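These notes are about the structure you will find just below.
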Amino acid sequence: FEIGSVTKVFTASLLAAQVVEGKVGLDDPVNDYLLFQLKDSIRPTFRQLANHTSGLPRMPSNFEAAVPFDPANPYQNYGPDLLEGYLTRQVKLAFKPGERSEYSNLGAGLLAFSLGKMTGLDYQQLLEKYIFSKYGMTASTTWREDVVSNLVSGLDQNGRETSNWDFSVLVGAGGILSTTEDLARFALAQFDDTNTELKLTQKLTFHVDERLALGLGWHIVKTPNAELYCHNGGTGGYSSSVVLDTEHRNGVIILSNVSGFHPELPKIERLCFSLLRTLDHSPR
């Protein structure tokens, strides 16, 4: 399945791995690792990209300038030249960095792009080195051609088979394909305190309100019984949801070929939370 924006948790985990190794600081500006400077001397930090407080918009304004632009596979041709052109000549912040949090696919994509420039590795190589190989995620990839024989067909909002999404420079925002088994391995790793890079992603970095906070990649939902770490995702043919209760070592993962544009999409996440509540009330 395409896991959509659950990919952002992996992108943030790659950042955390670099922090743990002492190669970068969370509050370092990404500009220090790019070969170009952002318009108006904007200097978002790695932390701000990972918790959506950078002020960057949800999407770049030149996103549909990719040629050809295919609404059924919208990210495919949005490449590095378009990203650099946007960041150097067009970008405009929606708010002062660190002031509030607004979800940004652009920010997550820039985070992965910056990590690639810093390490000299592409996104797939970073995932293999720091996450997939470490946690036994042998069926996970950003290269669709490697898993096409095992791929569940995506369905559009009307239930018809639809195109897969191929990501280019914004791959860190939503480009991973995975299985429930592999994501379960990743979830179990979240419960192990020796996995220091994963524990770092769970630390609170921004308080939104009395019920919601942000880690690195993770949304932290506060309930009467626990803090839950969650993220969902949606593409043209798939939707996903992951909710973890690290205190009680429970988790629920749902991968589906319900379109991210389906009007009943919110039910996927609600089902995820409902199943977790069921686990929490089961005999131990």
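Only a predicted model underlies this, so the values are computations on that prediction, with no experimental measurement involved. Heavy atoms only: backbone and side chains are in, while hydrogens, waters and symmetry mates are out.
Listed by chain and number, the residues in a ring pair (Phe, Tyr, Trp, His ring centres under 6.0 Å) with F46 are Y33 (sequence neighbours excluded). Qualifying side-chain hydrogen bond (donor to acceptor under 3.5 Å, both in side chains) partners for S140, counting only residues two or more places apart in sequence or in other chains: S178, D182. With sequence neighbours excluded, the residues satisfying side-chain hydrogen bond (donor to acceptor under 3.5 Å, both in side chains) with D192 are T194. In this structure Y75 satisfies the ring pair (Phe, Tyr, Trp, His ring centres under 6.0 Å) test together with F63, W165, F167, sequence neighbours excluded. Taking R160 as the reference, nothing meets the side-chain hydrogen bond (donor to acceptor under 3.5 Å, both in side chains) condition, with sequence neighbours excluded. Residues passing the ring pair (Phe, Tyr, Trp, His ring centres under 6.0 Å) test with H262, sequence neighbours excluded: none. Legend: residues meeting side-chain hydrogen bond (donor to acceptor under 3.5 Å, both in side chains) with E227, ordered by chain and number and at least two apart, are absent. Partners of N31 according to the side-chain contact (heavy atoms from CB on, under 4.5 Å) rule, which considers only residues two or more places apart in sequence or in another chain, are P29, Q37, L38, R43, P44. Under the rule for a side-chain contact (heavy atoms from CB on, under 4.5 Å), the partners of E197 that lie at least two apart in sequence or sit in another chain are A16, A17, V20, K134, Y135, N195. Residues meeting the side-chain contact (heavy atoms from CB on, under 4.5 Å) test with N150, sequence neighbours left out: none. Partners of Y130 by ring pair (Phe, Tyr, Trp, His ring centres under 6.0 Å), not counting sequence neighbours: none found.
Here the side chains of Y86 and S61 are in contact, with some heavy-atom distance below 4.5 Å. Residues V208 and L214 meet the side-chain proximity criterion, which asks for heavy atoms closer than 4.5 Å. Inter-residue side-chain proximity for Y123 and L127 is flagged as met; some heavy-atom pair is nearer than 4.5 Å. Residues Y238 and L155 are not in side-chain contact: their nearest non-hydrogen atoms beyond the backbone lie 4.5 Å or more apart. F273 has its side chain within reach of L228: a pair of non-hydrogen atoms, C-beta onward, lies under 4.5 Å apart. Considering only heavy atoms from C-beta on, F186 stays 4.5 Å or farther from F132 through its side chain. Between R47 and T205 there is a side-chain heavy-atom pair separated by less than 4.5 Å. Two residues are said to be in side-chain contact when any heavy atoms from C-beta on lie closer than 4.5 Å; L177 and I3 fail this criterion.
Scanning both residues, T45 and D27, for their nearest heavy atoms gives CG2-O, 3.5 Å. Nearest heavy atom pair, residue G260 against residue L265, reads O-CD2, 3.2 Å. Here the shortest heavy-atom pairing between G109 and A173 reads N-CB, 4.2 Å. Closest non-hydrogen pair, W218 versus C230, comes out as CE3-N, 3.5 Å. Residue S168 comes nearest to G79 through the heavy atom pair OG-CA, 3.6 Å, listed as atom of the first residue, atom of the second, then distance. Nearest heavy-atom pair across K8 and S104 is CE-O, 4.2 Å.
Rounded to the nearest 0.5 angstrom, L151 CG and T179 OG1 are separated by 12.0 Å. Note: L15 CG to L49 CG = 8.5 Å, rounded to the nearest 0.5 Å. Note: T53 OG1 to Q48 CD = 4.5 Å, rounded to the nearest 0.5 Å. For the atom pair CZ of F69 and CG of N77, the computed distance is 9.5 Å after rounding to the nearest 0.5 Å. Interatomic distance, CG of D193 versus CD of Q202, reported as 8.0 Å (0.5 Å rounding). Distance check: C272 SG to R277 CZ gives 10.5 Å after rounding to the nearest 0.5 Å.
Looking only at atom types and distance, the side chain of S13 has no donor-acceptor partner in the side chain of T201 under 3.5 Å away. No donor-acceptor contact under 3.5 angstrom links the side chains of Y229 and D245, judged on distance only. No donor-acceptor contact under 3.5 angstrom links the side chains of T196 and K199, judged on distance only. Between the side chains of S133 and E128, no donor N or O sits under 3.5 Å from an acceptor N or O.
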Stepwise side chain to side chain contact (heavy atoms under 4.5 Å, CB included) check, L212 with I220 = CA-CA 6 Å; L212 179 66; I220 305 172; 5.7 Å; no
Go through the steps to decide whether D156 and F261 satisfy the test side chain to side chain contact (heavy atoms under 4.5 Å, CB included), and finish with yes or no.
-> CA-CA 7 Å; D156 68 15; F261 301 112; over 6 Å; no
Evaluate side chain to side chain contact (heavy atoms under 4.5 Å, CB included) for V258 paired with E264, printing each intermediate quantity in order.
-> CA-CA 9 Å; V258 173; E264 300 290 347; over 6 Å; no
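A continuous path of ILVMFWY side-chain contacts below 4.5 Å connects L183 to I131, so both sit in one hydrophobic cluster. Note on L271: it does not cluster hydrophobically with I253, by side-chain heavy-atom contacts below 4.5 Å among ILVMFWY residues. V9 and L276 fall into different hydrophobic clusters, where Ile, Leu, Val, Met, Phe, Trp and Tyr residues are linked whenever their side-chain heavy atoms come under 4.5 Å apart, directly or through other members. Note on L82: it clusters hydrophobically with L170, by side-chain heavy-atom contacts below 4.5 Å among ILVMFWY residues.
A distance-only check finds no donor-acceptor pair linking the side chain of R211 to the backbone of V221 [under 3.5 Å]. T278 places a side-chain N or O within donor-acceptor distance of the main-chain N or O of S274, the cut-off being under 3.5 Å. In terms of modelled atom types and a separation under 3.5 Å, the side chain of N62 and the main chain of A65 share no donor-acceptor contact. Between the side chain of Q124 and the main chain of T142, a donor-acceptor pair closer than 3.5 Å is present. A donor-acceptor contact shorter than 3.5 Å links the side chain of S256 to the backbone of S239. The main-chain N or O of R185 is never found under 3.5 Å from a side-chain atom of Q190 such that the two would form a donor-acceptor pair. For the pair S5 (side chain) and N232 (backbone), a donor-acceptor distance under 3.5 Å is absent. Side-chain atoms of E269 do not come within 3.5 Å of backbone N or O of P266 as any donor-acceptor pair. A donor-acceptor distance shorter than 3.5 angstrom exists from the side chain of T7 to the backbone of I176, with no hydrogens or angles considered. Distance alone, capped at 3.5 Å, is enough to place a donor-acceptor pair between the N73 side chain and the D166 backbone.
Atom CD of E64 has 12 or fewer neighbouring heavy atoms from other residues, nucleotides or ligands inside a 6.0 Å radius. Counting non-hydrogen atoms of other residues, nucleotides and ligands closer than 6.0 Å to NZ of K92 gives a total of 12 or fewer. K117 NZ: 12 or fewer foreign heavy atoms inside a 6.0 Å radius.
Among residue pairs with one or both ends in residues 92-118, those qualifying as ring pair (Phe, Tyr, Trp, His ring centres under 6.0 Å) are H52-Y103; sequence neighbours excluded.
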